[in-house]
Amino acid sequence: MFFKAVVLIVIVGGGGWWVLSHPQTPVPPHWNPLQELTVTAPVTPVTSYQLRRALADEALCRATLSDAGAGFTVMEDLVVDQNCGIAGRGLLSRLVTADIGAVETSCTTTLRLAMWEHHVVQPAARELLGTDVAALRHVGSYNCRQMRTAQGENSGWSSHAMADAIDISGVQLADGRRLTLLADWEDTGPEGAFLHRIGQGACDWFRVVLGPNFNRLHADHFHLQGPGWGYCR
Ligand SMILES: [Zn+2]
């Protein structure tokens, strides 16, 4: 009985691997855990696994961004000290379709941002506002500083010190409208709904998301942070 079970596992498991790894596999790449991430492919249960692999491998991260058409010019790593610096550094100027003011950041932050733009921001803009987002507006990514709290500074280092986060302050829409968190967060119409939806949706692609609901320091931006303890406000 045990032997039969082992044989069955080998046949099914081995067969499954063969089906997934065969060049003519009928399994679409975005359903295949052996294939690499495509930013613009539909999201499936396999996507987070593919994303984790791309985040862990700098060359793969760059290639994935390049395939997506992102504007990310590779730069030498910034080495400062154990608290500050940028590994996988680049100059980001465009995501999948939206521009962004040129900003030095890490490949991993850029990749998460590209997933958010393509799978959350643009669909929300089309559905709620009837237009595309032409540009994301930011207020910085790399900053060698300690965390700020509403009470003042504390001793922990900010995720910005490693460019593991980026602060997004608003969007420029293709129809000319410009939305900011500061001016439009409290809006009760579609523009406010759009900002709330993209803030909530950022939690699918970043581990820590802080916005106007968190505290007054975040009244004018979303803090989007890759690594972290899983916190979404
Ligand atoms: Zn921040």
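All values derive from a computational prediction rather than experimental measurement. As the structure lists them, so they are numbered: ligands from 1, and atoms in each ligand from 1.
At least one N/O/S atom of His223, from backbone or side chain, sits under 2.8 Å from the Zn ion (ligand 1). Counting backbone and side-chain atoms alike, His160 contributes an N/O/S atom closer than 2.8 Å to the Zn ion (ligand 1).
Classified by interplanar angle (parallel below 30°, tilted 30° to 60°, perpendicular above 60°), the ring pair Trp185/His196 is parallel.
When all heavy atoms of Ala114 and Val39 are compared, the closest pair comes out as O-CG1, 4.0 Å.
When you scan the N, O or S atoms of Asp167 for the one nearest the Zn ion (ligand 1), you land on OD1.
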Between Val133 and Ile198, does a side chain to side chain contact (heavy atoms under 4.5 Å, CB included) hold up when you go through it step by step? CA-CA 12 Å; Val133 169; Ile198 67 172; over 6 Å; no

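Leu78 belongs to a hydrophobic cluster whose remaining members, ordered by chain and number, are Val80, Ile86, Tyr142; membership requires side-chain heavy atoms of ILVMFWY residues under 4.5 Å apart, directly or through intermediates.
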